[in-house]
Amino acid sequence: MKATIQLWVSLLFSVLLWSLSVVCNAQEQKTEDSIAVCMRNFKYKDALVKLDAARALHPQDSVKNLLLQSKCYKKLYLFPQSIAILEKLSRMDTTNVQLLEELADCRLLNGDYKGCAGVYTKMLQLDSTNTYFEMQRALVNVKGEYYPAALAGFNNLYSRGDSTNHIILRLLGDCHYFTGDGNMALLYYNKAIQARPTDQLAVKKLTILYMNIKMPEKAVVITDNYIKLDSTNREVNMWNGIARYVTRDFEGAIKVLDTLAAHGDDSYSTNYYLGLSKAAILHFYEAIPHLTVAYEYDTTNVDVVYHLGNAYCCSWGKEARGLELLNQGLKEMQPKVENLVKYNVSKANGYAGLRNYDEAIKCLETAYKLDKEYTPALYQIATYYEYQKKKLKAAEYYRDYVIKNIDKKMINVARMRYSKLQEELFMEGIELKPLPLPVK
């Protein structure tokens with residue numbers, strides 16, 4: 001009888017344990033299902049609450065739950081918490097590259113470029129020939145501006161046979177440029193374009209590099225070649241127009257940049273260089289709207305202020321606005337001689353347009369005092385004195401201009417004007433000295 005009772009107690013206890021196990025498993029399954037629902041519906045905060053509840057039941061975290069927690073933290077941009085979990089897991093399983101890849105990604109998103117590159121170094125220690133790991137580490141080093149390390153990585157890839165990959169070639173160009181080797185940068189940007197002629201980034205960077213080293217003709221060629229393949233790229237067209245302006249192909253620059261502006265390009269660079277190009281061919285009225293766009297970007301830029309003021313001063317009926325701008329520029333500019341000279345010359349044009357020749361002459365005299373080699377000021381002063389019927393003063397400046405003939409463009413005209421004034425003044429009883437003979 002006693003044995004029978006013990007048997008029944010044992011059976012009952014086993015049934016209770018089994019029932020409890022079934023209930024717990026059912027509860028765990030329910031919890032897992034509810035977590036999965038939260039994840040599917042992007043309710044990561046709710047998922048974290050449920051994962052914490054599951055952790056209270058099972059203090060020994062499962063790898064699965066830890067990975068889910070890490071994912072939730074990552075999705076909520078709580079990267080340090082995600083990183084802490086992934087580091088814990090990677091210490092438990094040091095050869096799991098999937099874990100390491102996830103850790104590297106979180107470090108990258110957290111802005112820890114050095115730490116991210118370090119994780120890829122660990123991955124390369126597990127698989128030293130893995131192209132993907134090497135590429136990712138090099139790219140991260142570029143983002144972190146660790147260019148010597150990035151250069152080493154891309155050189156490894158290049159030496160392994162990726163010598164025709166235009167992205168690697170372009171990035172090699174970047175690394176050489178930022179480590180101060182412009183010649184190697186030119187080499188690899190050119191190689192990148194040979195490998196992929198439509199690589200707009202390589203074209204843009206090579207163009208800018210050519211412009212920086214004063215080789216705008218090559219910049220024109222590079223951008224022309226790209227435009228033949230893709231005429232719709234705004235930036236490449238813009239740089240083509242800028243390079244044409246610098247090479248003094250003003251008509252070509254206007255053709256390219258006008259097209260961009262007509263299609264709604266209101267950028268600073270397009271309008272500034274379009275305005276400069278139109279001013280260069282003396283189309284000052286047409287230059288004003290474009291230079292105004294550039295001026296509105298930065299009203300304190302003394303170069304823009306100068307060119308816009310000069311365009312106004314050279315446009316009939318708009319001289320007053322030009323003088324206002326030039327005076328503003330003179331107040332804001334650093335007192336460099338070359339800037340002061342060109343500002344005063346432009347102010348002289350403005351005053352002359354307003355028929356205020358006295359002020360125009362003062363501006364030119366200031367310009368000449370600042371730069372004694374700027375002899376065109378002497379010729380212009382002479383013409384303004386002629387407009388005022390001040391023949392003696394005009395003759396004095398024509399003579400001065402001929403004697404100091406650094407600028408030979410208008411020497412013959414100046415001689416003719418002096419001779420005419422000499423005759424007129426002789427008839428008035430005033431004799432002028434003859435000019436020195438022309439230098440052969």
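This is a predicted model, so every value here is computed, not measured.
- A pairwise comparison of heavy atoms in Ala367 and Val341 identifies O-CG2, 3.8 Å as the closest pair.
- Checked against the 6.0 Å centroid threshold, Tyr385 and Tyr397 count as a close aromatic pair.
- Put simply, the residue from Glu102, Gln69, Lys74 that forms a side-chain contact (heavy atoms from CB on, under 4.5 Å) with Ile85 is Gln69.
- Of all the heavy atoms in Ala253 and Gly241, the pair that sits closest is CB-O, 3.4 Å.
- To the nearest 0.5 Å, the span separating NZ on Lys50 from SG on Cys72 amounts to 12.0 Å.
- Between Phe79 and Tyr77, a ring centre-to-centre spacing shorter than 6.0 Å is recorded.
- Thr383 and Gln380 are linked by a side-chain donor-acceptor pair at a separation below 3.5 angstrom, with hydrogens and angles left out of the test.
- Between the side chain of Arg355 and the backbone N or O of Gly353, at least one donor-acceptor pair lies under 3.5 Å.
- In this structure, Tyr120 and Phe133 have tilted ring planes: the angle between them lies in the 30° to 60° band.
- With a 4.5 Å cut-off on side-chain heavy atoms, Glu134 and Phe154 do not count as touching.
- The backbone N or O of Glu296 lies less than 3.5 Å from no partner atom in the side chain of Thr299, so there is not a single donor-acceptor pair.
- Contact check for Leu66 versus Leu86: no side-chain heavy atoms found under the 4.5 Å cut-off.
- Note that the NZ atom of Lys143 and the SG atom of Cys116 stand 8.5 Å from one another [nearest 0.5 Å].
- In this structure, the separation between CZ on Phe284 and CG on Leu291 is 10.5 Å, given to the nearest 0.5 Å.
- Between His176 and Tyr188, the ring planes lie parallel to each other; the angle is under 30°, not in the 30° to 60° tilted range.
- Remark: Leu100 CG to Gln98 CD distance equals 9.0 Å, nearest 0.5 Å.
- Within a 6.0 Å radius of CZ in Arg321, more than 12 heavy atoms belonging to other residues, nucleotides or ligands are found.
- Under the 30°/60° scheme for interplanar angles, the aromatic rings of Tyr268 and Tyr297 are found to stand perpendicular.
- With a 4.5 Å cut-off on side-chain heavy atoms, Tyr295 and Leu325 count as touching.
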> Would Leu68 and Met39 satisfy side chain to side chain contact (heavy atoms under 4.5 Å, CB included), going step by step from the backbone distance to the final call?
Replying inline: CA-CA 9 Å; Leu68 286 172; Met39 300 292 285; 3.9 Å; yes
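- Side chains of Asp358 and Gln388: a donor on one and an acceptor on the other come within 3.5 Å.
- When every heavy atom of Trp316 is checked against every heavy atom of Glu319, the shortest pair comes out as CA-OE2, 3.4 Å.
- Counting heavy atoms from C-beta outward, Met92 and Val63 have side chains that approach closer than 4.5 Å.
- Using modelled atom types, one side-chain atom of Thr121 and one backbone atom of Ala117 make a donor-acceptor pair closer than 3.5 Å.
- Using a 4.5 Å heavy-atom cutoff, the side chains of Val256 and Trp239 are not in contact.
- Glu365 has no carboxylate O lying under 4.0 Å from a charged side-chain N of Lys362, or vice versa, which leaves the two without a salt bridge.
- A donor-acceptor contact closer than 3.5 angstrom is absent between the side chains of Asn344 and Thr366.
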> Would Asn110 and Ile83 count as a side chain to side chain contact (heavy atoms under 4.5 Å, CB included) if you check the C-alpha gap in whole Å, the side-chain angles of each, and the deciding distance to 0.1 Å?
Replying inline: CA-CA 9 Å; Asn110 199 42; Ile83 289 168; 4.1 Å; yes
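- Between the Thr94 side chain and the Arg91 main chain, no donor and acceptor come within less than 3.5 Å of each other.
- Counted within 6.0 Å of CZ on Arg248, heavy atoms from surrounding residues, nucleotides or ligands total 12 or fewer; the atom is thus considered open.
- In this structure, Ile168 and Met135 have side chains that are in contact, with non-hydrogen atoms separated by less than 4.5 Å.
- Not one N or O on the side chain of Gln328 forms a donor-acceptor pair closer than 3.5 Å with the backbone of Leu326.
- Side chains of Tyr343 and Val302 form a contact here, defined as non-hydrogen atoms less than 4.5 Å apart.
- At most 12 heavy atoms of other shown residues, nucleotides or ligands fall within 6.0 angstrom of atom OH in Tyr177.
- Nearest heavy atoms, Leu169 versus Ser163: CD1-O, 3.6 Å.
- At a threshold of 4.5 Å between non-hydrogen side-chain atoms, the residues Glu217 and Val221 do not count as touching.
- With respect to Asp199 and Lys191, no salt bridge is recorded, no charged nitrogen being found less than 4.0 Å from a carboxylate O.
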>> With side chain to side chain contact (heavy atoms under 4.5 Å, CB included) as the criterion, how do Arg170 and Ile167 come out once you've worked through the C-alpha distance, each side chain's angles and the decisive distance to 0.1 Å?
In response: CA-CA 5 Å; Arg170 186 210 317 137; Ile167 293 176; 4.0 Å; yes
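- Between atom CE of residue Met238 and atom OG1 of residue Thr207 there is a gap of 10.0 Å, rounded to the nearest 0.5 Å.
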>> Apply salt bridge (Lys or Arg N to Asp or Glu O under 4.0 Å) to residues Lys255 and Asp249 and explain how you reach the verdict.
In response: CA-CA 10 Å; Lys255 182 178 178 181; Asp249 176 12; over 6 Å; no
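- Cation-pi contact between Lys342 and Tyr306: present, with separation from the ring centre below 6.0 Å and deviation from the ring axis of at most 45°.
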> Between Leu67 and Lys71, does a side chain to side chain contact (heavy atoms under 4.5 Å, CB included) hold up when you go through it step by step?
Replying inline: CA-CA 6 Å; Leu67 284 170; Lys71 183 176 181 179; over 6 Å; no
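- Put simply, NZ on Lys75 and CG on Leu48 are 13.0 Å apart, with the number rounded to the nearest 0.5 Å.
- Side-chain N or O atoms of Asn65 include none that pairs as donor or acceptor with a backbone N or O of Leu51 at under 3.5 Å.
- Between Ser346 and Asn310, the closest heavy-atom pair is OG-OD1, 2.7 Å.
- The two residues Ala261 and His290 come nearest to each other via the heavy atoms CB-CE1, 4.3 Å.
- Side-chain atoms of Asp265 come within 3.5 Å of backbone N or O of Ser267 as a donor-acceptor pair.
- With hydrogens and angles disregarded, a donor-acceptor distance shorter than 3.5 Å links the side chain of Asn237 to the backbone of Asn233.
- Side-chain contact check for Arg244 and Asn240: at least one donor-acceptor pair (N or O, by modelled atom type) lies under 3.5 Å.
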